[in-house]
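Structure record follows, encoded as structure tokens.
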Amino acid sequence: MKHVYLSLLTAIVLTMISGAALFAQNPLIRDQFTADPSARVFNGKVYVFPSHDIPTPPEKSGRKDWFCMEDYHVFSSENLTDWTDHGMIVSQYDAPWIDSTSYSMWAPDCVERNGKYYFYFPANTNEIDENGRKGFGIGVAVADQPEGPYVTQKENIKGVKGIDPNVLIDKDGQAYIYWSHGHIFVAKLKENMLELASDPMIIPNLPEKGLKEGPWVFERNGLYYLTFPHVENNTERLEYGIGDNPMGPFKMTGVIMDESPTGCWTNHHSIVEYNKQWYLFYHHNDFSPTFDKNRSIRVDSLFFNADGTIQKVQPTLRGVGLTKATNNIEIDRYSAIRNYGVKIDFVDAANTFEGWKTIFEKKDAWIQYNSVDFGDKTLKSVQVKALSKAGGTLQIRLNHTDGPVVTEVNIPESDGWKVLQTPLSKFQSGVHNLVVVSKADHPVEIDWIRFGN
Ligand code: FUB
């Protein structure tokens, strides 16, 4: 019977092929750990300047349970789906003030002024502070393009001790630098963007208990938003206050994102408007579920209420942007899922950067992946990378669970992954949600789906 089933198979079994670009959905960057994303719009593109978490090298094994960062990369995207890694821009070996054994290149930021790009980053200094420790200083690297090359200043900014720099250039041209060191501090910057123009000031009226760090300040409709991670209960959540001056005071107003559902102790974010939509960039530990100091950046849409308050953002796997039907569609980054009979797991738990797979365990289990762009040129087939020991059938529908079936894909019995190609019985142009429904009573695993000719 199984042979008959197989002989009826319209699918063409292709040899295993490797995936196309994996830079889409959440997390955004799929080949390295990234954290603390500072997103900026430069020259019509979104640039993200994250921290670059790495597994602790052997010579640092004494601190293997702590953050470990040696350098920074910058990434850019025009569609928030395909990200380009422009490579390493600054490292701990670039300036004499940095303790180059400390692997402490924490959360950075970057702003543009008069055609120059100023990249601000914290790192452990070689100086011993009043507590006998090598404290954090904040350095600046300058470039003519957002992707570099950056030239790192020989000295860190005088008068600043702390982490997580963030810079706001106000509408009148005055620049402000914010950072954290127990409290959240602010000071004016000189026109040269390299020196303070005022004494550091602690921003008052913020929560007294629980760690506060990672300030991100922006202006919208004349309101200034001070947003920051704060430990109100167990781990960091993203909170904000609103004021009418970049230096505050800010009135604590609400929570932007609750504590991480994945248990990641830190969160760190940025908020940016791009093509008339606001976005929250943040991080979880998607690729490192058992060690939350190896994190991954994400993005979701953010909305304001009419009174200027911020609606709480629920972290999603789907993220933002359209996915081209002809790209690998990672349905495990779903928008909706049946609450039983289907689950997500790593393709290879020993190498999490291989990504995830969807495991349909029961008949009628389904998963929905929104905003797939089918374009306007007729696509005639679908390829599915699947694995099922007992075989099965998948229905591919559009828009919702009882939307039109565009094809049924027969999955042959196999011990390994197969790429199966099946003709489409229907093609609908434009943007649709994709729904995949299993018609098998036994497990069927899917890595990705892609439409083509
Ligand atoms: O990435 C190291 C530190 O973790 C950052 O500087 C903090 O904001 C937290 O995300």
Side-chain angles (χ1 to χ4, degrees), residues 27-29 32-39 48-56 60 63-75 90-92 98-99 102-110 119-125 133-139 156-157 160-167 177-185 203 206-207 210-217 226-232 234-240 256-260 262-271 280-288 291-299 315:
L28 298 180
I29 306 301
Q32 61 196 282
F33 297 115
T34 48
D36 309 325
S38 286
V48 181
F49 298 84
S51 304
H52 181 195
D53 291 344
I54 55 172
T56 310
K60 294 289 293 177
R63 299 207 66 185
K64 70 177 171 35
D65 295 329
W66 195 236
F67 301 104
C68 190
M69 296 98 123
E70 188 177 25
D71 60 25
Y72 299 99
H73 287 219
V74 58
F75 301 85
V90 170
S91 88
Q92 64 179 355
I98 304 170
D99 174 359
S102 64
Y103 292 84
S104 58
M105 313 292 277
W106 288 14
D109 191 12
C110 186
F119 178 76
Y120 297 84
F121 62 95
N124 274 151
T125 68
R133 288 206 301 255
K134 289 182 175 176
F136 274 90
I138 289 175
N156 52 349
I157 305 177
V160 179
K161 280 184 177 179
I163 60 169
D164 298 354
N166 163 240
V167 172
I177 182 165
Y178 306 83
W179 68 95
S180 56
H181 187 59
H183 303 279
I184 293 182
F185 289 81
I203 296 182
L206 303 184
L211 182 71
K212 299 179 287 293
E213 54 183 358
W216 180 267
V217 178
L226 167 63
T227 67
F228 57 94
H230 169 230
V231 183
E232 172 69 20
N234 302 308
T235 63
E236 289 181 336
R237 66 183 195 183
L238 305 179
E239 299 180 12
Y240 74 106
I256 303 170
M257 180 172 274
D258 286 326
E259 291 181 5
S260 161
T262 63
C264 188
W265 199 91
T266 63
N267 198 353
H268 186 117
H269 69 297
S270 56
I271 293 173
L280 175 74
F281 287 75
Y282 61 101
H283 70 227
H284 277 353
N285 55 330
D286 300 72
F287 287 122
S288 176
F291 180 52
D292 68 356
K293 308 292 180 290
N294 281 173
R295 300 156 294 178
S296 293
I297 62 169
R298 294 166 146 244
V299 62

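All figures in this text were calculated on a predicted structure; none of them were measured in a lab. All ligand and atom numbering here is 1-based and tracks the order in the structure.
For the pair K60 and Y103, the NZ or CZ position fails the cation-pi test of under 6.0 Å to the six-membered ring centre and within 45 degrees of the ring normal.
Not counting sequence neighbours, the partners of K212 by the side chain to side chain contact (heavy atoms under 4.5 Å, CB included) test are I184, L206, P207, F228, H230. For the side chain to side chain contact (heavy atoms under 4.5 Å, CB included) test, residues two or more places apart in sequence or in another chain that qualify with N166 are R40, D109, Y178, W216, V217. With sequence neighbours excluded, the residues satisfying side chain to side chain contact (heavy atoms under 4.5 Å, CB included) with D292 are C264, W265, N285.
Side-chain atoms of S51 and D36 include a donor-acceptor pair closer than 3.5 Å.
A salt bridge links D53 to R295: at least one charged side-chain nitrogen sits closer than 4.0 Å to a carboxylate oxygen.
The contact shell of ligand 1, taken as protein residues with any non-hydrogen atom closer than 4.0 angstrom, comprises D36, F67, M69, W106, A107, D164, E213, T266, H268, H283, R295.
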